[in-house]
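Report on the structure given below.
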2 protein chains.
Amino acid sequence: MDTGQGRPGARRKPKITINDIARMAGVSKKTVSRVINDATTVKASTRDKIKALIKEYDFSPDPQARALAFRRSFLVAMIYDNPSPQYIVNMQRGILDALAGSSCQLVIRPCDRNAPDFYDMIGEFIEQQRLFGAVLPPSVSEDDHIAEMLKEADCPYVRIASVELDEPHRMIRTREAHGAAEAARHLARLGHRRIAHIRGPESFRSSHERLRGFQDGLSEFGLHLKDDDIVFGGYTYETGYECARQLLAKPERPTAIFAGNDEMALGVYKAARELGLSVPADISVVGFDDTPIASRIAPYLTTVHSPIRDIGYLAGKLLMDGPKGPKGAMTSITPELVVRESTAAPAF
Amino acid sequence: MDTGQGRPGARRKPKITINDIARMAGVSKKTVSRVINDATTVKASTRDKIKALIKEYDFSPDPQARALAFRRSFLVAMIYDNPSPQYIVNMQRGILDALAGSSCQLVIRPCDRNAPDFYDMIGEFIEQQRLFGAVLPPSVSEDDHIAEMLKEADCPYVRIASVELDEPHRMIRTREAHGAAEAARHLARLGHRRIAHIRGPESFRSSHERLRGFQDGLSEFGLHLKDDDIVFGGYTYETGYECARQLLAKPERPTAIFAGNDEMALGVYKAARELGLSVPADISVVGFDDTPIASRIAPYLTTVHSPIRDIGYLAGKLLMDGPKGPKGAMTSITPELVVRESTAAPAF
DNA sequence: TGCCCCAAGGTAAACGGTTTCCGTCCACTC
DNA sequence: GAGTGGACGGAAACCGTTTACCTTGGGGCA
């Protein structure tokens, strides 16, 4: 595009092809193609001349034609079922960060793992699009069948998960257990002894990891979660609320609750409010994710922060670099605790 | 130009082509093509037979090959700069709802209108991708230069905005003034007389519309906003907070504040909290957008609900149908007030 | 010199559809 | 029996790249 200020009479762009470049450079279009893709066997002087022409005429090869010849589109898909807008948007941005400068575009593919024709839909999508690659955040990432289909279709992919469930060059690990352990230590140091946990659903690996990490952190202080102080939530506001009602109705109620994510932590806030309990004076609350609400609500929520955008970036980078990318590439991310206002020493 | 080389082309798959279908149907591939695309001049029985075969063998034409022949990709782009994750995600879903069943995919293109090379980037994107269409939510939708570039590239597009700024078949109107007027009436009926407004930035058309609608609503009750009761915010939590501090520090402070969006309304909550004012006893607050936070925070926020996903759906539909779509197609959406807990009669 | 080999680059055929430009066949109608 | 129009075929061109395969020229080496 020209940067000149807007003229009303815009010109029709004389679409320039690889042939034009070749003619002007005095070489065959094959050589131009070589320069564009893989300039290994082209003399430096020839390559420079062609590159100069490409730049001068602002030429870029037609993605559709390339895709046809390559038998592979220049599309990277993000396939996800995570419902959190914050998560989704940040992940998208991260992947796009990694795609910037490449000739790939990001197509999004939300889905519902419970839909009856789930695998058909995704399978068809994968088959048809001949994707350049796919990024799978949780919980789609935990679905081995999807990974299998992608492998089948010869489509590179990267899975983002809290546990190692594929080859290293296809994985970004989020060490969620670490963040959960930090939360546990924080509560233990504050002096809490009666601590409860609202965990996420069985079907999410992350909920296991968060629980595990939390237990590990507590055990460092000789503490442990009693079985009936672990209740199952569904990672939603409503379930968080209900679980909290249940926990706080006990005769000997806990002085601190670790919610499996921020949404449920907000549910705990609501339950506490209704019961006339003050956060953090009567009950300390810790969340997980650090969604924007966490720093908007009163009291500001102590939670575990995951750098979602960075994770997306790593995943995208890993995808673009392929198995033979730099060996030292980072492939894991460690969430950290952010202490705000919702935790305090228990009153005795 | 990094194309992620080193990926060998896909290995051979028993991929079925249009020729196979044609052979099996006993027709020429041209007729199959007719069925796939247009089917106007194909006899019903032939068409049915071909369709059955297509379904049986699960054939779908290669998008890349079609794109090359059509000189147009099967990609619909959503180009946006709106920072609200909730808005983005819902809009994406809405557009995808409309794209379902078509052969189009959704590619996303966030951008920053303040970047120095903004128009270059977008222009290049539009030129290269030969998009099937584009959806422009605010505030990108308000940029005539972008619309011009799209028209130039012969790319259909739909703009979503609160005012009519393009031909009807390229517009989805969000009648935000209506929702704002409802908010005004609600406050007026409660008995508020001293009302303030934290408006959005000058550069957003929506901020004008919301102000205008609010004023219209007030005037029905013989009320009006004094000039210094209208302050400029930036649609962010922080600016909402600062504006509220300013308004609430006045000797004769307002009894109600209409914030231009929910983010700013949360800022008002914070300011009120700091000043020891209770919502809604001391100050009523109304937001706009109905983000999820609005129904998570205490007190639940009275706000104006926009069905973003529906809007996205309409935009996508309009795009797919084109100018010759059904005449009676709905092309406007009216946001409605949702009364919750943050508004009450003023204390005298 | 003769031979081999490699770097550098060319040629033509894919890639998998759509389109153009006729034609043909056939059933109806007048 | 001629005219008409709908349904469909055939061949080739085309879309703009990449790729399989081949040529060419020149240098190293025995």
Side-chain angles (χ1 to χ4, degrees), chain A residues 13-50 54 57 59-74 103-104 127-130 132 154, chain B residues 1 3-51 53-54 57 59-74 103 127-130 132 154:
Chain A
K13 199 155 191 176
K15 189 72 180 173
I16 172 168
T17 82
I18 203 172
N19 283 306
D20 304 325
I21 299 288
R23 191 169 354 93
M24 290 187 288
V27 299
S28 76
K29 65 183 193 177
K30 166 64 187 168
T31 301
V32 178
S33 175
R34 274 199 262 258
V35 170
I36 291 174
N37 293 299
D38 149 22
T40 56
T41 95
V42 178
K43 196 164 44 171
S45 65
T46 312
R47 182 180 45 216
D48 291 347
K49 180 161 52 168
I50 293 175
I54 287 178
Y57 289 93
F59 166 75
S60 63
D62 183 296
Q64 272 67 261
R66 290 226 292 163
L68 180 57
F70 262 135
R71 250 94 101 244
R72 161 143 296 163
S73 76
F74 292 92
S103 39
C104 283
E127 285 287 329
Q128 283 192 218
Q129 295 299 320
R130 297 176 183 281
F132 192 91
D154 201 35
Chain B
M1 192 170 302
T3 58
Q5 63 232 16
R7 295 165 188 287
R11 64 144 198 274
R12 289 275 304 127
K13 261 224 150 171
K15 184 82 179 172
I16 169 167
T17 82
I18 199 172
N19 285 304
D20 303 327
I21 298 290
R23 195 172 348 96
M24 289 185 289
V27 300
S28 76
K29 70 178 193 180
K30 166 143 194 212
T31 300
V32 178
S33 177
R34 281 187 179 117
V35 169
I36 291 174
N37 294 300
D38 198 344
T40 55
T41 122
V42 178
K43 192 165 47 171
S45 65
T46 312
R47 184 180 40 213
D48 292 346
K49 178 162 52 168
I50 292 175
K51 279 194 172 169
L53 279 168
I54 287 178
Y57 289 92
F59 166 75
S60 63
D62 184 299
Q64 272 67 261
R66 295 184 78 200
L68 182 57
F70 268 136
R71 254 125 54 277
R72 163 142 299 164
S73 76
F74 292 92
S103 42
E127 286 286 330
Q128 282 192 217
Q129 296 299 321
R130 298 176 182 283
F132 191 92
D154 202 34

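Please read all numbers here as calculations on a predicted model, not as lab measurements. We name chains A, B, ... by the order of the sequence lines, and we start the count at 1 in each one.
- In the helix from dT1(C)-dA30(D) to dC30(C)-dG1(D), the end axes, each obtained as the rotation axis mapping the C1' atoms of four pairs onto the next four within a five-pair block, lie 40° apart to the nearest 10 degrees.
- Between the C1' atom of dG16(D) and the CG atom of N37(A) lies a distance of 13 Å, rounded to the nearest Å.
- Here the side chain of A69(B) is nearest to one of dT17(D), dG10(C), dG17(C), namely dG17(C).
- Remark: S73(B) pairs with Q64(A), L75(B) by the side chain to side chain contact (heavy atoms under 4.5 Å, CB included) rule, at least two apart or across chains.
- The side-chain heavy atoms of I18(B) and I36(B), taken from C-beta on, include a pair separated by under 4.5 Å.
- The interatomic distance linking F70(B) (CZ) with dG16(C) (C1') rounds to 13 Å, in whole Å.
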What protein N or O atoms touch nucleotides 10-12 of chain D N or O atoms at under 3.5 angstrom, if any, and at what distances?
residue : atom : partner : partner atom : Å
dG10(D) : O6   : K30(B)  : NZ           : 3.3

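- In terms of phosphate contacts, S33(A) brings a side-chain nitrogen or oxygen within less than 4.0 Å of OP1 or OP2 of dT18(D).
- For R130(B) and D154(B), the salt-bridge test fails: no basic side-chain N is under 4.0 Å from an acidic carboxylate O.
- Residues passing the side-chain hydrogen bond (donor to acceptor under 3.5 Å, both in side chains) test with T17(B): none are found, sequence neighbours excluded.
- F132(B) pairs by the ring-ring contact (aromatic ring centres under 6.0 Å, His included) definition with nothing, not counting sequence neighbours.
- Note on L68(A): a base of the nucleic acid sits closer than 4.0 angstrom, heavy atoms only.
- The CZ-P distance, from R66(A) to dT19(D), rounds to 10 Å in whole Å.
- Evaluation of the side-chain hydrogen bond (donor to acceptor under 3.5 Å, both in side chains) rule for R72(B) yields no partner, not counting sequence neighbours.
- Computed from coordinates, the I18(A) CD1 to dT19(D) P distance equals 11 Å when rounded to whole Å.
- Taking S33(A) as the reference, N37(A) meet the side-chain hydrogen bond (donor to acceptor under 3.5 Å, both in side chains) condition, with sequence neighbours excluded.
- Remark: D20(A) pairs with R23(A) by the salt bridge (charged side-chain N to carboxylate O under 4.0 Å, His left out) rule, at least two apart or across chains.
- DNA chain D is contacted by both D62(A) and S45(B); S45(B) maps to the nucleotide lying nearer its 5′ end (nearest heavy atom per residue).
- Going from atom CZ of R23(A) over to atom P of dT17(D) covers 13 Å, rounded to whole Å.
- Distance Q64(B) CD to dT18(C) C1': 15 Å, rounded to the nearest Å.
- Listed by chain and number, the residues in a ring-ring contact (aromatic ring centres under 6.0 Å, His included) with F59(B) amount to none (sequence neighbours excluded).
- Listed pair T31(A) / dG10(C) meets the phosphate criterion, a side-chain N or O lying under 4.0 Å from OP1 or OP2.
- As rounded to whole Å, 11 Å separates atom P of dC26(C) from atom NZ of K43(B).
- The distance from atom CD1 of I50(A) to atom P of dA8(C) is 13 Å, rounded to the nearest whole Å.
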